[in-house]
Each structure stands twice: as structure tokens, then as C-alpha cells.
Amino acid sequence: MKILFITSLFGLFTLNTILAQTNPISREIAKPGQKVWVICYHVKSDKRAQYERFVHQLFWAGASKLTAEKDKQVFRQTRVLHPTKASPDGSYTYLFIMDPYIDGADYDIESLLRKMYGAKQASEYFKQFSTALMPKLGYEEYLVTQSKD
């Protein structure tokens, strides 16, 4: 019984080590009084695959092309959350959480795309993003402060 437990514990440790090595993201989170920015993007139900491709295969992947440290930090301190179900209007709401928010940083998607891919390609990629959003609703944003609790 002890051998099985030790083996299982070793397996768990090994799995955690492997996961840590394949996903070495360490994130700073806001301390009390620091700002956190949350943007909710409302995506058309038939454009979810397009939107997710944009976010993960173009936008996040393109972050490796950025040279300014502050631009890289924007990506390190931003999380993307996917919806688990549709909203009542049939759209799907994705969240970008900038935690903590960096004063003076460039969070503009179109601007960051230009830095990654150049003006012409950025314009094409930005269309993939913007045409996936619900008309008129598009997005909501909240700039909040981390509480002490």
C-alpha cells in the first residue's frame, strides 16, 4: 500500500512538473488598491471558431513578435476566459482580464496587431476580430480596483 501511494505521489509530482514545463506561465495578480480591467466581448454564435482562431492563433501567437517589454507584459498579465454557455440573446461572452492593469500600456488590439504584423496584415486580422462581435453590443468594459479581501 505504501509503495502504491509513493508511486502515485511521484506520478502526481511528475505530472505537475511536466505541466509546469509545458505551460510556464507565472502571473502577477493585482494587490489591494491596484486596478484590474475587464472587457467582455459578445461574439456571434456562428463566429465563435473565427473569434477563437483570431485570439489564440493570431493575436496571442503574434505576441512573440513584440519587442517592447511593456507590450509583452500586457500579454503576460492578461487572461482570456471562454464562455461555458450562450447568453440569453444567443451570443457568447468572452472575457479579457488585465490583472493588474498597466497604466500607460498599449491595450489597443488594432495597434498591437500592427506592431506584430504590419499595417496591411493587421487590418485583415482585425476584420476577423471585429466581424465576430455582435453588432451594437460588441463589448463592455469595467475598470475596477482590487479589494483587500
Side-chain angles (χ1 to χ4, degrees), residues 9 11-149:
L9 187 59
L12 181 60
F13 173 74
T14 304
L15 179 60
N16 285 338
T17 303
I18 290 168
L19 290 175
Q21 289 173 349
T22 59
N23 193 9
I25 299 171
S26 69
R27 299 183 192 269
E28 176 185 344
I29 60 169
K31 294 171 181 54
Q34 286 185 305
K35 295 175 190 172
V36 175
W37 191 22
V38 180
I39 300 180
C40 309
Y41 287 107
H42 304 287
V43 175
K44 299 172 189 172
S45 62
D46 64 333
K47 298 289 185 175
R48 289 182 71 198
Q50 173 182 314
Y51 180 83
E52 289 182 16
R53 255 190 326 276
F54 167 81
V55 169
H56 299 293
Q57 294 174 14
L58 300 175
F59 194 54
W60 238 258
S64 64
K65 298 172 185 259
L66 296 169
T67 56
E69 184 54 37
K70 205 169 207 177
D71 290 339
K72 293 177 186 181
Q73 188 178 6
V74 162
F75 283 86
R76 285 194 304 269
Q77 291 179 202
T78 300
R79 297 189 311 275
V80 179
L81 283 76
H82 289 233
T84 57
K85 63 181 183 175
S87 298
D89 66 359
S91 68
Y92 286 82
T93 304
Y94 292 78
L95 303 179
F96 276 51
I97 302 175
M98 285 62 72
D99 180 16
Y101 172 77
I102 306 163
D103 284 319
D106 183 2
Y107 286 98
D108 183 75
I109 292 174
E110 205 165 4
S111 172
L112 290 166
L113 285 169
R114 281 192 301 273
K115 292 175 187 179
M116 295 172 195
Y117 300 106
K120 184 179 179 189
Q121 192 67 56
S123 178
E124 292 175 30
Y125 289 159
F126 188 73
K127 283 180 189 171
Q128 291 181 35
F129 166 74
S130 60
T131 60
L133 301 180
M134 292 289 290
K136 297 185 184 177
L137 187 55
Y139 72 95
E140 301 168 63
E141 60 182 303
Y142 306 92
L143 185 60
V144 295
T145 303
Q146 177 63 49
S147 72
K148 65 177 181 150
D149 299 318

Under 3.5 Å donor-acceptor pairs involving side-chain atoms of residues 43-51, not counting sequence neighbours:
from, atom 1, to, atom 2, distance (Å)
Lys44, NZ, Thr131, O, 3.0
Arg48, NE, Tyr94, OH, 3.1
Gln50, NE2, Gln128, O, 2.6
Gln50, NE2, Thr131, OG1, 2.9

Tell me which donor-acceptor pairs under 3.5 Å the side chains of residues 31-40 have, and how far apart each pair is, sequence neighbours excluded?
from, atom 1, to, atom 2, distance (Å)
Gln34, OE1, Lys31, N, 2.6
Lys35, NZ, Asp103, OD1, 3.4
Trp37, NE1, Glu141, OE1, 3.0

Give a yes or no answer on whether the side chain of [X] reaches the backbone of [Y] with a donor-acceptor pair at less than 3.5 Å.
| X | Y | value |
| --- | --- | --- |
| Ser123 | Lys120 | no |
| Tyr107 | Ile102 | yes |
| Tyr117 | Leu58 | yes |

Handout entry: Heavy atoms of other groups near Leu81 CG, more than 12 under 6.0 Å
Key =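 Enclosed: over 12 neighbouring heavy atoms sit under 6.0 Å from CG of Leu81.
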Problem - Closest heavy-atom pair and its distance - Ala119, Arg114 - result: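 Ala119 and Arg114 have their closest heavy atoms at CA-CG, 4.0 Å.
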Exercise for the section: Locate the shortest heavy-atom distance separating Arg79 from Asp99; write the atom from each residue and the value. Expected result: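 For Arg79 versus Asp99, the nearest heavy atoms are NH1-OD2, 3.2 Å.
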Is any side-chain heavy atom of [X] closer than 4.5 Å to a side-chain heavy atom of [Y]?
| X | Y | answer |
| --- | --- | --- |
| Leu66 | Met116 | yes |
| His42 | Glu140 | yes |
| Val74 | Asp106 | no |
| Tyr41 | Val55 | no |

Handout entry: Check: Ser87/Asp89 side-chain N/O donor and acceptor closer than 3.5 Å
Key =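 On atom types as modelled, these side chains do not qualify, holding no pair under 3.5 Å.
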Rounded distance [0.5 Å steps], [atom1] in [X] versus [atom2] in [Y]:
| X | Y | atom1 | atom2 | result |
| --- | --- | --- | --- | --- |
| Lys65 | Lys115 | NZ | NZ | 15.5 Å |
| Ser64 | Phe75 | OG | CZ | 9.5 Å |
| Lys72 | Thr67 | NZ | OG1 | 7.0 Å |
| Lys136 | Leu133 | NZ | CG | 15.0 Å |

Practice task
Identify the residue among Phe126, Tyr125, Phe59 that makes a ring-ring contact (aromatic ring centres under 6.0 Å, His included) with Phe54.
Solution key: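 Output: one option passes, namely Phe59.
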